[in-house]
S.K.: 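Before I ask anything, here is the structure I am working with.
So that the names make sense, note that chain A is the first sequence line, chain B the second, and so on, each numbered from 1.
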There are 2 protein chains.
Amino acid sequence: MGTPQLTKNQSLVMGALAHSDGPMSAYTILDKLRDHGFRAPLQVYRALDKLLEYGLVHRLESLNAFVACTCPHEHEHDHGVTAFTICEGCGQVTEFHDEGIEQRLSALVRAQSFKTEKTTIEIRGHCKSCA
Amino acid sequence: MGTPQLTKNQSLVMGALAHSDGPMSAYTILDKLRDHGFRAPLQVYRALDKLLEYGLVHRLESLNAFVACTCPHEHEHDHGVTAFTICEGCGQVTEFHDEGIEQRLSALVRAQSFKTEKTTIEIRGHCKSCA
DNA sequence: ATCGCACACGTTATAGCATAACGCAATTGA
DNA sequence: TCAATTGCGTTATGCTATAACGTGTGCGAT
Ligand SMILES: [Zn+2]
Ligand SMILES: [Zn+2]
Ligand SMILES: [Zn+2]
Ligand SMILES: [Zn+2]
């Protein structure tokens, strides 16, 4: 059960995100895809739901926006906790993963007897170029 | 330059959050305060902006909602990175702080020459009671 | 074959979250 | 007194997300 073949709409949304410099809101994606027959937000949101499920796309909660996953590895298994730096200047988003963070959070949460389903880590600030 | 005296609207919003079991959206707060003369979203958002600035309230990005800060210490200085567990079952939100996470994130971000302004850590899942 | 089901899709309408822009009043400090 | 700041109230608008309905297509079971 890896990533299934994408449907037409899913491919279009994936393509839009993959070729974008930075994160895009669902409505921005919609606008980019009007020429390809997209007319309504739901067409985008439905595709995004699947792409998120497949792990091809991440949602940035603090921006209400979406980015293509930049993980080098295959998307066939859940990659663990994903963290992002988000530059307020140029909009650049960098995805990264760290085993240390993951373990530390896991320990803290275990101490609460809390069962984690999804972890959001987003760091807003300025990148090297925009400092 | 600690926390200034709160205005009437700020106190009302702060009170609503402090007496609530869980996080509240701005519009939920608005509804709770209609009897106290609140009529428009901006009255809530403006108060929230200040309360966030003073560190009395936190915004939960993954919920578009707000909670009163539960830090024991005074709010006169920035408390460092704040993390939350959020139970999908009962809505309970627990705020916590960890020096280890903070240092690790700080090191990772420094490696990118990234200048952090605000860090969001939110863990969605189920609490002990709701497991 | 054809029935039933799952799934993607299209459309309209609606709900939920947040801010722009205007004007007024009270406070402060030069 | 005058200007600047801050809070407040109101109306309008914009952005984000989902509900609800119906259509069509593929595919396995009968
Ligand atoms: Zn990824
Ligand atoms: Zn930048
Ligand atoms: Zn706090
Ligand atoms: Zn719970």
S.K.: Could I get the full list of side chain to side chain contact (heavy atoms under 4.5 Å, CB included) partners for A:Thr28, not counting sequence neighbours?
M.R.: A:Met24, A:Ser25
S.K.: Just the endpoints, please: which first and last nucleotides of DNA chain C, 5' to 3', lie under 4.0 Å from a heavy atom of chain B?
M.R.: C:dC17 to C:dA21
S.K.: Working to the nearest 0.5 angstrom, can you tell me the gap between A:Lys32 NZ and A:Leu17 CG?
M.R.: 11.0 Å
S.K.: Please write out which residues are connected to B:Val81 in a hydrophobic cluster, directly or through intermediates, given that two of Ile, Leu, Val, Met, Phe, Trp, Tyr count as joined at side-chain heavy-atom separations below 4.5 angstrom.
M.R.: A:Val81, A:Phe96, A:Ile101, A:Leu105, A:Leu108, A:Val109, A:Phe114, A:Ile121, A:Ile123, B:Phe96, B:Ile101, B:Leu105, B:Leu108, B:Val109, B:Phe114, B:Ile121, B:Ile123
S.K.: Which residue pairs satisfy the side chain to side chain donor-acceptor pair (under 3.5 Å) criterion with at least one member in residues 121-131 of chain B, sequence neighbours excluded?
M.R.: A:Glu117-B:His126, B:Ser62-B:Glu122, B:Ser62-B:Arg124, B:Glu88-B:Arg124
S.K.: With sequence neighbours left out, write down each residue that passes side-chain hydrogen bond (donor to acceptor under 3.5 Å, both in side chains) with B:Gln5, or none if nothing qualifies.
M.R.: none
S.K.: Tabulate below the donor-acceptor pairs under 3.5 Å that side-chain atoms of residues 37-51 of chain A make, not counting sequence neighbours, or state none.
M.R.:
residue: A:Gln43; atom: OE1; partner: A:Arg39; partner atom: N; Å: 2.6
residue: A:Gln43; atom: OE1; partner: A:Ala40; partner atom: N; Å: 2.9

S.K.: My understanding is that only residues two or more places apart in sequence, or in another chain, count here; which of them pass ring-ring contact (aromatic ring centres under 6.0 Å, His included) with A:Phe84?
M.R.: A:His58
S.K.: Quick one: how far along DNA chain D does chain A reach, first to last nucleotide 5' to 3', anything under 4.0 Å to a heavy atom?
M.R.: D:dT16 to D:dA20
S.K.: Could I get the full list of salt bridge (Lys or Arg N to Asp or Glu O under 4.0 Å) partners for B:Glu102, not counting sequence neighbours?
M.R.: none
S.K.: Test of understanding: with side chain to side chain contact (heavy atoms under 4.5 Å, CB included), list the residues that count as partners of B:Thr7, not counting sequence neighbours.
M.R.: B:Asn9, B:Gln10
S.K.: Identify, with sequence neighbours excluded, every residue that meets side chain to side chain contact (heavy atoms under 4.5 Å, CB included) alongside B:Thr94.
M.R.: A:Gln112, B:Thr85, B:Gln92
S.K.: Do any of residues 18-47 of chain B sit with a heavy atom less than 4.0 Å from DNA chain D, and if so which?
M.R.: B:Arg39, B:Ala40, B:Leu42, B:Gln43, B:Arg46
